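The sequence lines fix the lettering, A, B, ..., with proteins before strands; numbering per chain opens at 1. Since we're looking at a predicted model, the values are computed, not measured. Atoms considered below: every heavy atom in the structure, side chains included; atoms not considered: hydrogens, waters and symmetry mates.
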4 protein chains.
Amino acid sequence: MINLLNDYNTTAHPRIIEALKEAEGQRYIGYGLDPATTEAADAVRKLTGRENADVHFMIGGTFTNLTAISAFLRPHEAVIAPASAHINVHETGAIELTGHKILTGDFGAFSPRETLRGKVNGKIRAEEVSAIVRAHTDEHMVRPKMVLISQTSEMGTVYTRAELTALREVCDEFGLYLYADGARLGAAISSGVCDMTITEFAAYPDAFYVGGTKNGLLFGEALVINNPALMADFRFYTKQRGGLLAKGFLLGLQFRAILEGGLYFELAKRANEMAGLLTDGLKKAGVCFLTETESNQVFLYADAETLKRLEENILFERWGGEEEKGTPIRFVTSWQTTPEEVLAVLGLF
Amino acid sequence: MINLLNDYNTTAHPRIIEALKEAEGQRYIGYGLDPATTEAADAVRKLTGRENADVHFMIGGTFTNLTAISAFLRPHEAVIAPASAHINVHETGAIELTGHKILTGDFGAFSPRETLRGKVNGKIRAEEVSAIVRAHTDEHMVRPKMVLISQTSEMGTVYTRAELTALREVCDEFGLYLYADGARLGAAISSGVCDMTITEFAAYPDAFYVGGTKNGLLFGEALVINNPALMADFRFYTKQRGGLLAKGFLLGLQFRAILEGGLYFELAKRANEMAGLLTDGLKKAGVCFLTETESNQVFLYADAETLKRLEENILFERWGGEEEKGTPIRFVTSWQTTPEEVLAVLGLF
Amino acid sequence: MINLLNDYNTTAHPRIIEALKEAEGQRYIGYGLDPATTEAADAVRKLTGRENADVHFMIGGTFTNLTAISAFLRPHEAVIAPASAHINVHETGAIELTGHKILTGDFGAFSPRETLRGKVNGKIRAEEVSAIVRAHTDEHMVRPKMVLISQTSEMGTVYTRAELTALREVCDEFGLYLYADGARLGAAISSGVCDMTITEFAAYPDAFYVGGTKNGLLFGEALVINNPALMADFRFYTKQRGGLLAKGFLLGLQFRAILEGGLYFELAKRANEMAGLLTDGLKKAGVCFLTETESNQVFLYADAETLKRLEENILFERWGGEEEKGTPIRFVTSWQTTPEEVLAVLGLF
Amino acid sequence: MINLLNDYNTTAHPRIIEALKEAEGQRYIGYGLDPATTEAADAVRKLTGRENADVHFMIGGTFTNLTAISAFLRPHEAVIAPASAHINVHETGAIELTGHKILTGDFGAFSPRETLRGKVNGKIRAEEVSAIVRAHTDEHMVRPKMVLISQTSEMGTVYTRAELTALREVCDEFGLYLYADGARLGAAISSGVCDMTITEFAAYPDAFYVGGTKNGLLFGEALVINNPALMADFRFYTKQRGGLLAKGFLLGLQFRAILEGGLYFELAKRANEMAGLLTDGLKKAGVCFLTETESNQVFLYADAETLKRLEENILFERWGGEEEKGTPIRFVTSWQTTPEEVLAVLGLF
């Protein structure tokens with residue numbers, strides 16, 4: 001069955017498995033202190049142009065977010081995020097479990113599910129940040145201290161250079177950290193609407209991660225800490241929350257492999273192209289969209305009959321309950337999606 | 001200077017100080033295991049008609065809320081509350097610090113400050129609860145498990161019998177606890193719009209507290225736990241968070257005194273009457289209100305000139321930034337507010 | 001019945017109640033921002049000679065400890081304390097609940113109860129601190145960052161100038177904070193074996209508190225923060241944990257009263273004198289002690305027959321199970337203990 | 001260089017990599033809801049004879065311990081463990097970060113490092129558990145609610161049937177859960193001194209895990225929950241702490257592979273045999289041991305000269321500072337250790 005459910009439904013790109021196979025029999029120091037991990041960290045620094053950054057390889061996205069946010073904030077400090085943010089909706093209260101409140105923008109949403117869409121397609125605006133900060137005046141309220149964005153956002157949209165500049169400015173004005181959840185950073189940078197290179201993007205946030213799980217790895221994300229004030233003792237925090245992998249070299253081996261020869265962006269680009277192909281076809285078929293397709297996620301409405309046909313033939317996710325325009329659904333393409341699969345899906349409309 | 005800032009700006013009612021004076025020289029067992037505390041707990045059970053309830057005397061409202069909520073919930077469980085709830089806005093993220101997410105109704109609010117008002121004057125409706133619960137479907141999201149209301153609400157409004165019945169039903173439908181923050185429970189029950197006695201009210205929630213700090217005590221709140229499933233080990237939780245007062249008998253002595261001879265409701269009624277007097281006068285003066293005055297809080301708009309005059313002469317709080325109708329402000333009356341003070345305030349309009 | 005159970009079994013010294021009575025009718029700003037609290041803070045600074053210190057009035061000892069320790073430490077940092085420390089044995093895991101490990105000295109103790117005694121009478125030595133720090137080498141272990149002492153210790157003993165100097169030096173060597181639980185600081189400074197004034201003592205720790213609950217107040221402790229690095233945002237932490245009292249002025253009024261005219265040390269001295277009188281008599285009666293009496297706590301062994309007689313006539317606490325020398329018990333004297341009571345107790349031996 | 005540093009210094013057994021390679025191109029449902037994971041869970045249930053148990057595949061040992069312990073306990077409940085337990089010494093306070101105190105046995109140890117040895121070679125005895133529980137009497141102390149053992153222990157020793165029976169009995173007497181950290185469960189069951197099969201062992205604890213990381217997998221542990229009272233909502237807790245792997249099927253594929261054809265115990269047995277060979281040779285060389293070798297860890301003393309020679313030629317860990325008998329060191333063998341390597345090591349003595 002064609003799988004448009006998500007971008008993490010296969011083991012890994014063959015070169016990743018191969019890299020592990022080649023390492024067979026070799027002995028490594030544990031906990032990421034091995035040479036392969038050092039080389040991978042250098043590769044991440046080179047890729048992002050952040051030569052003085054700290055790089056930590058982490059086991060997954062939720063773990064990276066909760067470890068980084070709780071490491072960077074003091075107990076009374078809060079994180080501002082779009083209401084649709086993964087940390088706000090789909091991480092089972094992981095951030096609150098570490099003690100921190102999430103203050104949300106995208107005001108006006110009716111339900112957590114519907115907030116997935118948001119007023120501005122999953123993005124938070126500098127004005128919203130400013131309004132939230134100004135509303136927090138004394139010790140009876142939390143202190144906003146970080147803005148979290150996702151690049152791409154939960155709606156597959158991409159922050160532009162102008163939007164990031166405005167966010168960076170409001171962060172600097174109020175002394176906030178800017179943190180970017182980069183689970184799909186490859187898709188963002190490879191997007192046709194993205195007006196930045198990865199090195200240009202990487203200069204904005206105080207910290208961000210380069211997602212691996214959703215772009216060809218077995219698992220793993222590379223956290224990049226730009227701000228020296230946030231670097232201290234990070235390995236303690238990772239260990240303390242159970243994510244300092246004994247065989248840390250597994251992450252080093254994988255990232256070293258995917259960053260060789262441009263494979264990382266090659267995979268992201270392919271995923272985006274398949275989403276583009278799909279979107280073009282759907283447009284021709286007169287389908288109604290929730291938002292513009294900007295990366296590897298396509299959000300559309302399906303009428304009852306189409307929905308039935310789709311659910312009998314392919315895997316995908318509903319994105320809320322029925323509305324006037326139909327039931328909102330999400331298609332996610334990946335580097336493994338083929339043009340033939342796209343055509344087969346289009347044939348169902 | 002006339003103080004309409006809040007209802008906790010004096011030491012205590014004379015009978016409270018007297019009760020402490022009478023106890024001079026007497027020796028008490030510590031940590032609330034003394035006879036005075038036992039008598040006070042019996043008095044609370046009698047007052048509320050909850051003869052099988054557990055009663056715990058707590059040091060303050062925020063402490064009561066955070067201790068009760070964290071005691072009652074498992075780590076992945078969340079509390080549903082109006083966006084304007086004290087726990088959501090004015091407790092510095094105390095609930096999140098204990099690990100729990102707050103899911104808010106009053107959808108559509110723009111900023112934390114403005115949410116203080118809310119669509120339904122600080123109250124959450126059963127339909128909102130239902131919508132929030134239905135949107136939480138699996139282990140990637142928190143599990144809603146409690147509804148928190150404040151009686152009176154942060155906007156001084158009072159939940160009616162019909163509203164509480166609807167909330168109780170939705171809680172029962174979804175297996176949620178109903179918890180009532182009763183910092184101003186006296187004002188609520190004494191309100192002209194309240195269609196319940198305290199015993200009728202007390203039958204609805206799984207737990208609630210009878211507020212003392214804002215109604216004549218030096219400090220202290222009486223937590224009443226109706227639901228036997230929530231009773232276990234509560235003293236451990238109180239101690240563990242630093243609120244099991246060594247001289248617990250101080251709370252027992254105070255509550256025993258205030259519950260004697262109807263003093264508790266007498267004070268609350270007086271506070272409400274002063275707010276009523278004030279509201280009547282303001283209406284005559286053509287003032288614009290944010291919400292109907294239902295208890296001892298009055299929310300109104302003041303134009304720039306009036307605002308200036310008020311700030312030069314009396315103490316009160318602004319309730320957000322300037323709007324079309326003027327700047328929203330709050331007057332709080334207490335059992336110590338006098339008709340003369342009310343008249344003096346009215347003279348400023 | 002004579003009460004030697006603890007030093008917090010009566011309401012408060014008459015001057016405290018009087019101070020509250022005098023304040024009747026006066027209006028105060030909330031949350032400790034009032035003039036009485038400011039004056040009390042100045043009085044604490046003057047008493048301790050710490051003119052640049054931050055002073056915060058807290059609701060109780062456990063609350064002060066857990067709020068201060070969690071405010072001062074980062075998540076992976078641990079506190080070193082004697083095994084007998086109140087935070088380790090008698091605060092229901094309050095420190096661990098805030099996320100921090102306690103590393104204990106007094107090695108060799110058999111059970112939590114027996115550790116109440118400790119090898120060095122409840123005190124931790126600089127060598128133990130040093131040994132613990134040296135054993136913690138990397139990110140797989142917590143990082144020791146604070147040493148907690150109690151002055152007096154849980155065994156009523158008093159740290160000397162030489163001991164404090166050694167502890168301060170080891171703290172400086174390893175970059176640790178020194179924190180002193182001063183629940184019975186009055187008794188410590190008033191002790192005959194104390195070779196320091198309160199201002200001399202106050203110069204050692206990064207933070208400490210001057211205990212009120214056990215020395216004449218209704219409730220309240222004055223936290224003194226010497227180290228500027230630990231001062232930031234402390235009111236947020238107090239609020240967030242539920243201890244920023246609405247009527248904060250109650251603490252200010254009490255501390256202002258007890259620090260006037262030397263009352264604080266007068267009460268502590270009286271308590272110590274009664275313990276001295278008791279100890280002298282018990283020595284004559286041939287009683288066996290667990291430790292030297294240095295302040296207002298007396299630890300002794302009672303044989304089965306004496307124990308029975310004591311329990312029929314007075315209130316006190318057992319301090320562990322039966323041993324060779326008898327059952328260990330504790331007598332606590334207070335400023336309300338009279339010479340007549342002491343004689344009556346001695347008559348039972 | 002010969003690596004006796006640990007048993008997690010290579011990628012994985014070839015059959016594991018092969019299993020991943022075979023899965024190439026296949027599409028899987030995320031988060032462990034796929035058929036491979038279901039089959040692996042069945043294989044774990046079959047292996048352990050716990051047909052009604054819940055099985056969860058986890059990312060690593062520390063993560064498993066902290067998630068399970070915090071899921072199973074209420075906030076005021078504590079875990080009893082040997083002082084040498086991994087959770088007490090080498091998990092950076094992970095358990096305390098979740099809010100729970102660890103109460104330790106192995107009383108008498110001097111430092112965290114030295115506690116690695118313990119009085120009874122890293123094991124806790126039923127009498128110690130009983131003593132700890134009896135010392136915790138009221139709400140001023142934590143409530144002991146779980147006993148944690150490691151099988152094998154941190155000293156490589158193996159709990160016998162008699163020891164486990166005694167621990168189970170004391171747990172039942174006091175209503176405690178018994179939890180077994182099985183990071184090296186394969187080595188324990190394969191040990192010559194083990195008088196139980198894995199199904200016999202698996203009947204004792206309320207929950208335990210079958211370690212994969214240290215016995216041939218890339219990563220992964222299989223948590224088995226026997227006690228139905230501990231099963232509820234476990235996936236929420238795993239997600240909430242960041243360990244519900246998007247590609248959960250990676251754990252299923254690996255465990256399915258290692259449990260086929262007895263590979264799991266084959267690998268563990270080989271590791272033990274190499275440790276046995278090493279121990280025999282060292283005994284002949286007159287070496288002094290810290291403890292009997294019972295599984296794949298060998299603890300011995302090395303004199304200064306030998307230590308120097310060893311450190312120039314092989315990788316291993318020191319296990320504390322110099323003592324009378326020499327410097328304590330640890331050799332760990334694995335399924336990849338060869339007889340030739342063992343002989344080479346012996347040649348250095």
Legend entry - Options Leu66(D), Leu250(D), Ile29(D), ranked by heavy-atom pairs under 4.5 Å with chain A, top entry: Leu250(D)

Legend entry - Max heavy-atom pair count under 4.5 Å with chain D, selected residue of Gly25(A), Ala12(A), Gly243(A), Ala94(A): Ala94(A)

For chain D and chain A, what donor-acceptor pairs lie under 3.5 Å, backbone included?
| from | atom 1 | to | atom 2 | distance (Å) |
| --- | --- | --- | --- | --- |
| Tyr8(D) | OH | Tyr31(A) | OH | 3.0 |
| Asn9(D) | O | Tyr28(A) | N | 2.7 |
| Asn9(D) | OD1 | Arg27(A) | NH1 | 3.2 |
| Thr10(D) | O | Lys247(A) | NZ | 3.0 |
| Thr11(D) | O | Lys247(A) | NZ | 2.9 |
| Arg27(D) | NH1 | Asn9(A) | OD1 | 3.2 |
| Arg27(D) | NH2 | Gln336(A) | O | 3.3 |
| Tyr28(D) | N | Asn9(A) | O | 2.7 |
| Tyr31(D) | OH | Tyr8(A) | OH | 3.0 |
| Thr62(D) | OG1 | Lys239(A) | NZ | 3.2 |
| Thr92(D) | O | Gln240(A) | NE2 | 3.4 |
| Thr213(D) | O | Lys247(A) | NZ | 3.4 |
| Leu217(D) | O | Lys247(A) | NZ | 2.5 |
| Lys239(D) | NZ | Thr62(A) | OG1 | 3.3 |
| Gln240(D) | NE2 | Thr92(A) | O | 3.4 |
| Lys247(D) | NZ | Thr10(A) | O | 3.0 |
| Lys247(D) | NZ | Thr11(A) | O | 2.9 |
| Lys247(D) | NZ | Thr213(A) | O | 3.4 |
| Lys247(D) | NZ | Leu217(A) | O | 2.6 |
| Gln336(D) | O | Arg27(A) | NH2 | 3.4 |

Legend entry - Partners meeting ring-ring contact (aromatic ring centres under 6.0 Å, His included) with Phe63(A) (sequence neighbours left out): none

Inset, instruction - Name the member of Ala246(A), Gly60(A), Gly61(A) that forms the most heavy-atom pairs with chain D at distances under 4.5 Å. - result: Ala246(A)

Inset, instruction - Please flag which part of Leu244(D) lies under 4.5 Å from any non-hydrogen atom of chain A: side chain, backbone, both or neither. - result: neither

Legend entry - Residue list, side chain to side chain contact (heavy atoms under 4.5 Å, CB included) with Leu230(D), at least two apart or on another chain: Phe72(D), Tyr177(D), Asp206(D), Ile225(D), Asn227(D)

Inset, instruction - Side chain from CB out, backbone as N, CA, C, O: work out which of these in Ile95(D) comes under 4.5 Å of a heavy atom of chain A, or both, or neither. - result: neither

Legend entry - Under 4.5 Å from any heavy atom of chain D - which part of Phe249(A): side chain

Inset, instruction - Select one option (side chain, backbone, both, neither) describing which atoms of Leu218(D) are under 4.5 Å from chain A's heavy atoms. - result: both

Legend entry - Partner residues of Ala180(D) under the side chain to side chain contact (heavy atoms under 4.5 Å, CB included) criterion, sequence neighbours left out: Ile149(D), Phe201(D), Pro205(D), Phe208(D)

Legend entry - Side chain / backbone / both / neither for Leu217(A) at chain D, heavy atoms under 4.5 Å: backbone

Inset, instruction - Can you tell which part of Ile16(D) gets under 4.5 Å to a heavy atom of chain A, answering side chain, backbone, both or neither? - result: neither

